[in-house]
Amino acid sequence: MKILITGGSSGIGKSLAEYLMHTHEITVLDKNHTYLDKGRFIAMDLLSLEEIANFFSQLPENYDALINAAGIREIVPPHELEVNEWEKVQKINVTAPFLLAKQLIRKALANHNKLSIINIASISGLLAEPDRAAYVTSKHALIGLTKQLAFQYGKHGIRANAIAPGVIETPLTAAYFDDPTKRALIKNNTPLAHWGKPEHLHGLVDLCLHNDYMTGSVLVCDGGWSCGKSL
């Protein structure tokens, strides 16, 4: 299976690329270079519509799957959030996944190929969080995009599913674990009493890739974070 992965230089994307490269043909798109024992790396700034368009204009091959794992977030009260920061989060978290999916869907339709799209969303796509208006909005939108693509293209063998992780220990969340107060807050609000690792998502990605009767699903993996809160 040929799989295109964004955000493969760090965090969840890197973990997925390293996991999948031993059994699949992997191409990683990221602004920052990463070394892979197997697979191909292509430098791309996902903020650049031109770079995305150029990639597909030179793309001779079909992909069987797309994993949108790249993501950024802000931490600022909504009333202080600058519009350029808002737009940057939307471009990386929603627009780039849309454009990549759009082009691969076009190729799949033209060649009568099946396609699996996996969007790494977040429980922030299901719940609000303090000071993350752009991020929360973008992840809600990504889940909406997932459902729209699943609904519209299922009859063509094109599936789309989302994975909604809770607190996963990655470079993006590293600051949480350096703060004893935040570490305690995470543990106390997670029924399993611990945060997640990127490898907790590996099996869910396998499920999305290989279960050909699953589409439009949002798979939550959050240690119980979204089940409820102590009063």
Side-chain angles (χ1 to χ4, degrees), residues 1-9 11-30 36 38-42 44 46 52 55-56 59-71 92-123 125-126 138-165 168 198-221:
M1 183 178 288
K2 291 183 178 181
I3 304 176
L4 187 63
I5 304 177
T6 69
S9 69
I12 291 172
K14 183 176 182 180
S15 178
L16 291 175
E18 291 175 343
Y19 170 67
L20 294 169
M21 69 183 180
H22 299 291
T23 51
H24 301 285
E25 187 176 328
I26 300 299
T27 300
V28 166
L29 301 180
D30 205 303
L36 298 171
K38 298 179 180 179
R40 177 172 54 160
F41 171 82
I42 297 176
M44 178 185 290
L46 293 172
I52 295 174
F55 170 73
F56 282 104
L59 184 67
E61 59 199 306
N62 293 307
Y63 283 93
D64 304 297
L66 166 66
I67 301 176
N68 286 305
I92 293 289
N93 293 2
V94 186
T95 303
F98 162 67
L99 292 174
L100 294 168
K102 171 184 173 180
Q103 294 296 341
L104 291 186
I105 288 170
R106 279 182 170 178
K107 290 184 71 68
L109 291 174
N111 294 292
H112 306 286
N113 290 332
K114 293 183 178 181
L115 175 67
S116 174
I117 299 167
I118 304 171
N119 291 320
I120 305 300
S122 169
I123 53 169
L126 303 170
S138 72
K139 292 301 185 178
H140 275 73
L142 187 60
I143 288 175
L145 175 63
T146 302
K147 291 180 176 293
Q148 177 66 31
L149 297 180
F151 173 76
Q152 190 146 355
Y153 296 106
K155 60 182 173 289
H156 300 287
I158 296 170
R159 298 182 298 108
N161 293 286
I163 296 173
I168 304 292
E199 50 265 33
H200 283 120
L201 308 183
H202 291 179
L204 300 182
V205 168
D206 280 334
L207 182 63
C208 292
L209 287 174
H210 300 297
N211 188 325
D212 64 4
Y213 194 59
M214 187 174 74
T215 195
S217 295
V218 182
L219 305 180
V220 176
C221 184

Flag, side chain of Ser15 to backbone of Gly11, donor-acceptor distance under 3.5 Å: no

Atom pair OH (Tyr153) and CD1 (Ile105), whose distance is rounded to the nearest 0.5 Å: 5.5 Å

Rounded distance (nearest 0.5 Å) linking atom OG1 of Thr146 with atom CD1 of Ile117: 8.5 Å

Nearest heavy atoms of Leu126 and His140, plus distance in Å: N-CE1, 3.6 Å

Heavy-atom pair of closest approach, residues Val94 and Ala141: CG2-CB, 3.9 Å

With Met1, the side chain to side chain contact (heavy atoms under 4.5 Å, CB included) member among Asp64, Thr23, Leu20, Ile26: Asp64

Donor-acceptor contact present, side-chain Asn161 to main-chain Met214, <3.5 Å: yes

Whether His24 side chain and Lys2 backbone form a donor-acceptor pair below 3.5 Å: no

Any Ile52 side-chain heavy atom under 4.5 Å of Met44 side chain: yes

Distance, nearest 0.5 Å, that separates CD1 of Ile5 from CE of Met21: 10.0 Å

Evaluation steps, side-chain contact (heavy atoms from CB on, under 4.5 Å), between Ile3 and Leu209: CA-CA 10 Å; Ile3 304 176; Leu209 287 174; 3.9 Å; yes

Inter-residue atom distance Leu29.CG - Leu4.CG, 0.5 Å rounding: 4.5 Å

side-chain contact (heavy atoms from CB on, under 4.5 Å) assessment of Asn93 paired with Lys139: CA-CA 7 Å; Asn93 293 2; Lys139 292 301 185 178; 4.2 Å; yes

Spacing of Ile120 atom CD1 and Leu219 atom CG [to the nearest 0.5 Å]: 9.5 Å

Donor-acceptor pair, side chain of Ser122 and main chain of Ala164, under 3.5 angstrom: no

Nearest atoms (heavy-atom pairs only) where Ala121 meets Leu142: CA-CD2, 4.0 Å

Asn211 side chain vs Leu207 backbone, donor-acceptor pair below 3.5 Å: no

Leu109 side chain near His156 side chain, heavy-atom distance below 4.5 Å: yes

Tyr63 side, atom OH; Leu104 side, atom CG - distance, nearest 0.5 Å: 8.5 Å

Donor-acceptor under 3.5 Å (Thr6 side chain, Ala69 main chain): yes

Arg159 side-chain N/O to Ile118 backbone N/O, donor-acceptor pair under 3.5 Å: no

Closest non-hydrogen atom pair between Pro165 and Ile12, with its separation: CG-CD1, 4.3 Å

Residue pair Phe56, Leu100: steps toward the side-chain contact (heavy atoms from CB on, under 4.5 Å) verdict: CA-CA 9 Å; Phe56 282 104; Leu100 294 168; 3.4 Å; yes

Derivation of the side-chain contact (heavy atoms from CB on, under 4.5 Å) call for Asn119 and Ile143: CA-CA 8 Å; Asn119 291 320; Ile143 288 175; over 6 Å; no

Closest contact, heavy atoms only, Ala160 versus Thr215: N-OG1, 3.0 Å

Backbone of Ser9 reached by a side-chain donor or acceptor of Asp30 within 3.5 Å: yes

